[in-house]
J.: 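Submitted below is the structure of interest, expressed as structure tokens.
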Amino acid sequence: RKCMYDASFDVERAEAQSIASELRGIIESKQLEIAFQPVISVRDMRISGVEALARWPQSSSRKVTADRFVAVAETAGLIDDLGELILDKACAAARNWPDLRLAVNISAVQLNNPRFVERAMAIIESHGIPTHRLEFEITETSLIRDADRAKQVFKELQRYGIKVALDDFGTGFSSIGYLRTFSFNRIKIDRSIITKVLSNPAELAIVQGTLLVARGLSAEVTAEGVEKQEEVAVLKLAGCTELQGYYFHKPMPAHAISELLTTRKAREAERARA
């Protein structure tokens, strides 16, 4: 049996170590940036929540995607500190938007920390955020790593009033039994399905089927990656409860969310006076 050496392995390893080293400094100095993407309620087409998205600091000499530095954090033992920093920064910003739900992504590796829920609750309470405003999102592929542990943590979070959402639905191995087992409060349909609903009847059928299952499980359904007005019309008719995507808003800094809300209130006040 032969093993072939590939120099690219060393390059990738060195790059990961370099990213981990810089990330450690970013976490310690709290320089990580957070963008927020609005989520739109189908009922009144107003902003009902925001999803917090971690961003590599623009001041850095390199550009690193969130997927990349989160993966590095998981292997370098930094994911707990990174996750807590994201939650802390997101909650600090969300204090200014009392009417909005705050969604924060979590890693399966975080669930393995026996103090995960305790630490998350301490951060949330330190900012005075009611737990019913919090929603933790996790991907299907992450759950496969340790389903029993995930189920236990989700129940504990839900006991505190925190909602749990299944992110990127449609990209993994979900079944009705799988959804029932985890008792998700929300199912987020991946944009890879949403982008095809206009041209492919099978994709629309998946959305409609997901909505039927969600209703049976008392879960809300959010369509991600909405980019066209025609998609909005179809997804509203299908029964999605919330929509998210570039058609409405791209991810933006916290101050831009505040400006959006201020502008909305001003317009509503004008209409009330008219």
J.: Side-chain contact test, heavy atoms from C-beta onward, threshold under 4.5 Å: evaluate it for D88 versus H127 and give yes or no.
T.: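 Yes - at least one pair of side-chain heavy atoms lies under 4.5 Å apart.
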J.: Using every non-hydrogen atom in the two residues, find where G225 and I194 come nearest and quote the distance to one decimal.
T.: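 Answer, listing the atom of G225 first, then I194: O-CG2, 4.2 Å.
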J.: Show the numbers, then the answer: is there a side-chain contact (heavy atoms from CB on, under 4.5 Å) between R101 and L134?
T.: CA-CA 6 Å; R101 187 181 70 254; L134 265 291; over 6 Å; no
J.: For the CG atom of L111 and the CD atom of Q152, what is their distance to the nearest 0.5 Å?
T.: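 Rounded to the nearest 0.5 Å, the CG-CD separation comes out at 10.5 Å.
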J.: Who are the side-chain contact (heavy atoms from CB on, under 4.5 Å) partners of A73, not counting sequence neighbours?
T.: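 A73 satisfies side-chain contact (heavy atoms from CB on, under 4.5 Å) with L23, L78, I79, L82 once adjacent residues are dropped.
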J.: Apply the test salt bridge (charged side-chain N to carboxylate O under 4.0 Å, His left out) to residues K89 and E33: give CA-CA distance (whole Å), side-chain angles for both, the deciding distance (0.1 Å), then the verdict.
T.: CA-CA 8 Å; K89 281 179 164 281; E33 296 176 5; over 6 Å; no
J.: Would you sort out whether L87 and R119 count as a side-chain contact (heavy atoms from CB on, under 4.5 Å), showing the intermediate values?
T.: CA-CA 10 Å; L87 181 60; R119 294 289 302 144; over 6 Å; no
J.: So does H249 get a backbone contact from the side chain of Q37, meaning a donor-acceptor N/O pair under 3.5 Å?
T.: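 Yes; judged by distance alone, with no hydrogens or angles, the pair exists.
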J.: Can you check whether K196 reaches R191 side chain to side chain, under 4.5 Å on heavy atoms?
T.: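 No. Closest side-chain heavy atoms not under 4.5 Å.
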J.: Which residues satisfy the side chain to side chain donor-acceptor pair (under 3.5 Å) test with E231, sequence neighbours excluded?
T.: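 Testing E231 for side chain to side chain donor-acceptor pair (under 3.5 Å), a comparison that skips the adjacent residues, returns none.
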J.: Can you hop from I123 to M121 via hydrophobic side chains spaced under 4.5 Å?
T.: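 In one cluster with I123: M121, yes.
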J.: To the nearest 0.5 Å, how far apart are SG in C91 and CD in E125?
T.: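 So the gap between those two atoms works out to 10.5 Å.
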J.: Hey, any chance V226 and L237 share a hydrophobic cluster, counting ILVMFWY side chains that come within less than 4.5 Å of each other, even indirectly?
T.: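 Unlinked, V226 and L237 end up in two clusters.
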J.: Side chains of E242 and S48: do they bring a donor and an acceptor to under 3.5 Å?
T.: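 Yes, S48 and E242 have a side-chain donor paired with an acceptor closer than 3.5 Å.
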J.: Run the salt bridge (Lys or Arg N to Asp or Glu O under 4.0 Å) test against E118 and tell me which residues pass, sequence neighbours left out.
T.: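 Salt bridge (Lys or Arg N to Asp or Glu O under 4.0 Å) check on E118 returns R115.
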J.: Can you hop from Y246 to L235 via hydrophobic side chains spaced under 4.5 Å?
T.: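 Each belongs to a different hydrophobic cluster.
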J.: List the atom of V42, the atom of C240, and the distance in Å for their closest heavy-atom pair.
T.: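 Scanning both residues, the minimum pair turns out to be CG2-O, 3.2 Å.
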J.: Could you check whether any side-chain heavy atom of P201 comes within less than 4.5 Å of a side-chain heavy atom of L204, counting everything from C-beta outward?
T.: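 No, too far: nothing below the 4.5 Å cut-off.
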J.: In Å, rounded to the nearest 0.5 Å, how long is the span from CG of N112 to CG of D80?
T.: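 Going from CG on N112 over to CG on D80, the span is 9.0 Å.
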J.: When you look at V70 and E74, which way does the side-chain contact (heavy atoms from CB on, under 4.5 Å) test go after all the steps?
T.: CA-CA 6 Å; V70 167; E74 289 179 336; 4.3 Å; yes
J.: How long is the span from the CD atom in E259 to the CE atom in M252, to the nearest 0.5 Å?
T.: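 E259 atom CD to M252 atom CE measures 9.5 Å (nearest 0.5 Å).
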J.: Report yes or no: do K188 and Q244 form a side-chain donor-acceptor pair below 3.5 Å?
T.: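 Indeed, the side chains of K188 and Q244 share at least one donor-acceptor pair under 3.5 Å.
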J.: Heavy atoms only: give me the nearest A94-I129 pair and the separation to one decimal.
T.: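 Looks like C-CD1, 4.2 Å.
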J.: Between side-chain atoms of residues 153-166 and protein atoms elsewhere (two or more places apart, or another chain), which donor-acceptor pairs fall under 3.5 Å?
T.:
{"residue": "Q158", "atom": "NE2", "partner": "S183", "partner atom": "O", "Å": "2.8"}
{"residue": "Q158", "atom": "NE2", "partner": "N185", "partner atom": "OD1", "Å": "3.0"}
{"residue": "K163", "atom": "NZ", "partner": "H132", "partner atom": "O", "Å": "3.2"}

J.: Are D190 and S192 linked by a side-chain donor-acceptor pair shorter than 3.5 Å?
T.: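 Yes.
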J.: Ignoring hydrogens and geometry, is there a side-chain-to-backbone donor-acceptor pair from S18 to A14 under 3.5 Å?
T.: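 Here the side-chain-to-backbone pair does not exist.
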J.: Are any non-hydrogen side-chain atoms of V104 and E51 less than 4.5 angstrom apart?
T.: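 V104 does not reach E51 side chain to side chain.
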J.: Please confirm whether the backbone N or O of V72 pairs with a side-chain atom of T75, one donor and one acceptor, at under 3.5 Å?
T.: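 Side chain of T75 to backbone of V72, a donor-acceptor pair under 3.5 Å: yes, one is there.
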J.: Kindly write out the residues that satisfy side chain to side chain donor-acceptor pair (under 3.5 Å) with N200, not counting sequence neighbours, or none if the list is empty.
T.: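 Side chain to side chain donor-acceptor pair (under 3.5 Å) list for N200, sorted by chain: empty.
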J.: So, for L211 and A238, which heavy atoms are closest and what is the spacing to 0.1 Å?
T.: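 Minimum heavy-atom contact is CD1-O, 3.0 Å.
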J.: About how many Å separate CG of L261 and CG of N96, when rounded to the nearest 0.5 Å?
T.: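 Separation between the atoms: 9.5 Å.
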J.: Hydrophobic clustering (ILVMFWY, side-chain heavy atoms < 4.5 Å, transitive) - are F169 and V213 grouped together?
T.: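 Same hydrophobic cluster.
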J.: Which residue pairs pass the ring-ring contact (aromatic ring centres under 6.0 Å, His included) test with at least one member in residues 73-105, sequence neighbours excluded?
T.: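 Checked against ring-ring contact (aromatic ring centres under 6.0 Å, His included) - neighbours excluded - the pairs reaching residues 73-105 are F36-W97.
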J.: Grab the two heavy atoms, one from F182 and one from K151, that are nearest each other, plus how far apart they are.
T.: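 Looking at all heavy atoms of both residues, the closest pair is CE2-N, 3.9 Å.
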J.: Residues two or more places apart in sequence or in another chain: which of them pass side chain to side chain donor-acceptor pair (under 3.5 Å) with R55?
T.: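 Residues passing side chain to side chain donor-acceptor pair (under 3.5 Å) with R55: none at all.
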J.: Does I187 form a side-chain contact (heavy atoms from CB on, under 4.5 Å) with T222? I'd like the steps, not just the answer.
T.: CA-CA 6 Å; I187 299 170; T222 299; over 6 Å; no
J.: Closer than 3.5 angstrom, by distance alone: can the side chain of R133 be matched with the main-chain N or O of L100 as a donor-acceptor pair?
T.: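 The answer is yes, because a donor-acceptor pair under 3.5 Å joins these two groups.
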J.: The criterion is salt bridge (Lys or Arg N to Asp or Glu O under 4.0 Å); which residues satisfy it with R68, sequence neighbours excluded?
T.: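 R68 satisfies salt bridge (Lys or Arg N to Asp or Glu O under 4.0 Å) with E15 once adjacent residues are dropped.
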J.: Taking only residues two or more places apart in sequence or in another chain, which ones pass salt bridge (Lys or Arg N to Asp or Glu O under 4.0 Å) with R62?
T.: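 With neighbours one apart ignored, the set is E22.
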J.: Do I47 and D99 make a side-chain contact, defined as non-hydrogen atoms from C-beta onward lying under 4.5 Å apart?
T.: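 Heavy-atom side-chain distance check fails, nothing below 4.5 Å.
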J.: Without hydrogens or angle criteria, can the side chains of E220 and T241 be said to hold a donor-acceptor pair below 3.5 Å?
T.: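 On atom types as modelled, these side chains qualify, holding a pair under 3.5 Å.
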J.: For S107 and I138, work out which heavy atoms get closest and say how close.
T.: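 For S107 versus I138, the nearest heavy atoms are C-CD1, 4.4 Å.
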J.: For residues 64-86, pull every pair meeting ring-ring contact (aromatic ring centres under 6.0 Å, His included), keeping only residues two or more places apart or in separate chains.
T.: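 Passing the test, one end in residues 64-86: W56-F69.
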J.: To the nearest 0.5 Å, what is the distance between CD1 (I206) and CD1 (I193)?
T.: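 Rounded to the nearest 0.5 Å, the CD1-CD1 separation comes out at 5.0 Å.
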J.: With a 4.5 Å cut-off on side-chain heavy atoms, are V50 and V39 touching?
T.: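 Contact flag for V39/V50 side chains = no.
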J.: Please say yes or no: joined through hydrophobic side-chain contacts below 4.5 Å, possibly via intermediate residues, are Y247 and V221 part of one cluster?
T.: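 Yes, it is one cluster - the side chains of Y247 and V221 are joined through contacts under 4.5 Å.
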J.: For the residue pair L102 and E135, establish whether any side-chain heavy-atom pair is separated by less than 4.5 Å.
T.: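 A side-chain contact is absent here, since even the closest heavy-atom pair is not under 4.5 Å.
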J.: Return each pair, listed once, that meets ring-ring contact (aromatic ring centres under 6.0 Å, His included) where at least one residue sits in residues 199-231; pairs must be two or more places apart or across chains.
T.: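 Pairs touching residues 199-231 that pass the test: none.
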J.: Could I get the full list of side chain to side chain donor-acceptor pair (under 3.5 Å) partners for Q31, not counting sequence neighbours?
T.: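 Listed in chain order: S29.
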J.: Using a 4.5 Å cut-off on heavy atoms from C-beta on, say whether the side chain of T263 contacts that of R267.
T.: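 The answer is yes; the side chains approach within 4.5 Å.
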